[in-house]
Amino acid sequence: MPGPTTLVTVAPTGAETAKEDAPSLPVTLDELVAAAVACEAAGAAMVHVHIRDDQAQPTLDQGRLKDTVAALRESTRLVVQLSTGGSVHDAFEDRLAVLDAEPDSCSLTCGTVNFGSDVFLNPWPFMVELYRRTQEMRIVPEFELFDLGHVTAMKRLLDKYGPPFGDHVHCDLVMGVPGGMPGTAQALVAAVADLPAEASWSATGIGRTTMPVALAALAAGGHLRVGMEDTLTFYPGEPVRDNAQLVERAAALARLAGRPPMTGDDARALLNIHDRRGGSA
Ligand code: KMH
Ligand code: ZN
């Protein structure tokens with residue numbers, strides 16, 4: 001009988017890093033698809049997607065989002081998760097409209113957080129509207145938790161509006177953002193202790209917290225998110241080669257922990273993703 005496995009999510013691009021500062025950052029559709037294919041081969045099961053425009057700036061352009069979802073479905077079996085966080089400058093309406101591109105999953109951040117010198121806004125009414133749309137549109141949300149209070153807000157959302165589409169709660173602890181919870185084993189343990197017992201969760205540590213968070217997550221029974229959205233340094237002083245390098249390392253850690261990486265289809269089953277691959281919504 002197969003043992004437990006690890007969901008490795010790759011977040012290849014993000015909205016914050018400039019292409020000039022990280023030449024292997026995937027910013028065109030071709031680069032994103034190539035990165036996704038390489039990351040799937042390295043052990044990723046889900047891709048968390050931010051897209052860029054022709055000037056490599058973050059965008060939530062509807063046509064591009066739809067083309068991106070279609071191209072990733074065509075070339076991989078990864079669960080396709082679109083970011084509804086976008087960049088700190090995106091309007092709420094544009095972030096809600098991301099769902100119209102009909103991804104398998106979307107991120108849903110459970111509260112406002114200081115984000116370096118900026119503010120990442122996720123007020124309660126926005127969270128509610130986004131959550132209700134995911135339920136109506138049969139899109140599985142991944143609850144992004146940047147702080148301990150976000151766990152409380154997620155549970156309030158579940159209490160008031162019922163389970164997510166698919167009936168399975170999946171969270172991602174985003175740790176080490178300047179303004180959010182620190183990327184430490186202690187903070188991870190505190191956050192996990194407060195999650196609903198039946199929830200699955202992954203964790204990612206921003207910047208230099210990547211390794212401590214990954215190791216703590218595996219030790220605590222969690223899944224992993226890695227990628228150039230979250231870190232550009234492989235070892236101190238050594239820039240990341242590309243996203244696949246980060247996935248390879250996460251997959252190796254998961255194997256060492258005795259919980260090898262799961263496939264995209266395994267992740268689809270875990271999260272009860274609605275099948276859109278046949279073209280029907
Ligand atoms: N880019 C950050 C402001 C998400 O994708 O949902 C928000 C973020 C979270 O990356
Ligand atoms: Zn993101």
Side-chain angles (χ1 to χ4, degrees), residues 8-19 21-22 25-27 32 35-36 39 44 46-53 56-61 64-65 68-69 72 78-99 101 103-123 126-127 129-131 133-134 139-147 150 153-154 157 164 170-181 183 201-207 209-210 213 224-232 243 246:
V8 178
T9 298
V10 63
T13 309
E16 283 74 37
T17 298
K19 178 78 168 168
D21 295 337
L25 192 78
V27 296
L32 179 63
C39 289
M46 176 148 75
V47 58
H48 168 86
V49 179
H50 292 252
I51 61 166
R52 302 291 177 100
D53 63 17
Q57 297 302 309
T59 178
L60 296 178
D61 178 81
R64 280 180 188 258
L65 285 170
T68 301
V69 170
L72 289 169
L78 296 169
V79 174
V80 179
Q81 177 184 92
L82 289 184
S83 166
T84 64
S87 86
V88 291
H89 308 293
D90 285 317
F92 292 133
E93 265 317 308
D94 295 337
R95 290 169 57 190
L96 291 169
V98 165
L99 301 194
D104 301 319
S105 171
C106 70
S107 56
L108 193 164
T109 298
C110 290
T112 293
V113 64
N114 282 316
F115 199 82
S117 308
D118 294 304
V119 180
F120 179 29
L121 284 166
N122 296 282
F126 172 71
M127 283 173 57
E129 180 62 26
L130 179 55
Y131 188 52
R133 289 196 196 188
T134 63
I139 295 168
V140 172
E142 177 182 271
F143 299 100
E144 308 296 334
L145 309 171
F146 287 66
D147 215 341
H150 292 190
M154 176 188 74
L157 198 62
H170 182 69
C171 321
D172 179 46
L173 305 175
V174 184
M175 310 184 71
V177 168
M181 63 183 146
W201 59 275
S202 61
T204 184
I206 304 302
T209 71
T210 292
V213 167
L224 299 176
R225 174 175 128 171
V226 294
M228 292 178 73
E229 173 167 346
D230 299 339
T231 188
L232 297 168
N243 281 287
L246 293 168

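What you are looking at is a predicted structure, and each value in this text was computed from that prediction instead of being measured. Both ligands and their constituent atoms are indexed starting at 1 by order of listing. For the numbers below, each heavy atom of this structure counts, side chains included, while hydrogens, waters and symmetry mates do not.
Arg225 places no side-chain N or O within 3.5 Å of a backbone atom of Leu173 that could act as its donor or acceptor partner. Thr84 contributes a side-chain N or O that, together with a main-chain N or O of Ser107, makes up a donor-acceptor pair within less than 3.5 Å. With hydrogens and angles ignored, the 3.5 Å screen pairs a side-chain donor or acceptor of Asn243 with a backbone N or O of Pro12. A donor-acceptor pair under 3.5 Å links the side-chain atoms of Ser105 to the main chain of Val140, judged by distance alone.
With hydrogens and angles left out, the side-chain atoms of Glu144 and Thr109 include no donor and acceptor closer than 3.5 Å.
One finds the OG atom of Ser202 at 5.0 Å from the CD atom of Glu142 (value rounded to the nearest 0.5 Å). Distance check: Leu224 CG to Trp201 CH2 gives 8.5 Å after rounding to the nearest 0.5 Å.
Listed by chain and number, Glu16, His48, His50, Ser83, Gly85, Gly86, Val88, Ser107, Thr109, Phe115, Phe120, Glu229 each place a non-hydrogen atom less than 4.0 angstrom from ligand 1.
Shown are the protein N/O/S atoms under 2.8 Å from the Zn ion (ligand 2), given by residue and atom: His48 NE2, His50 NE2, Glu229 OE2.
Among residues two or more places apart in sequence or in another chain, the side-chain contact (heavy atoms from CB on, under 4.5 Å) test is passed with Ala15 by His50, Pro58, Ser87. Residues passing the side-chain hydrogen bond (donor to acceptor under 3.5 Å, both in side chains) test with Thr204 are Asp230, sequence neighbours excluded.
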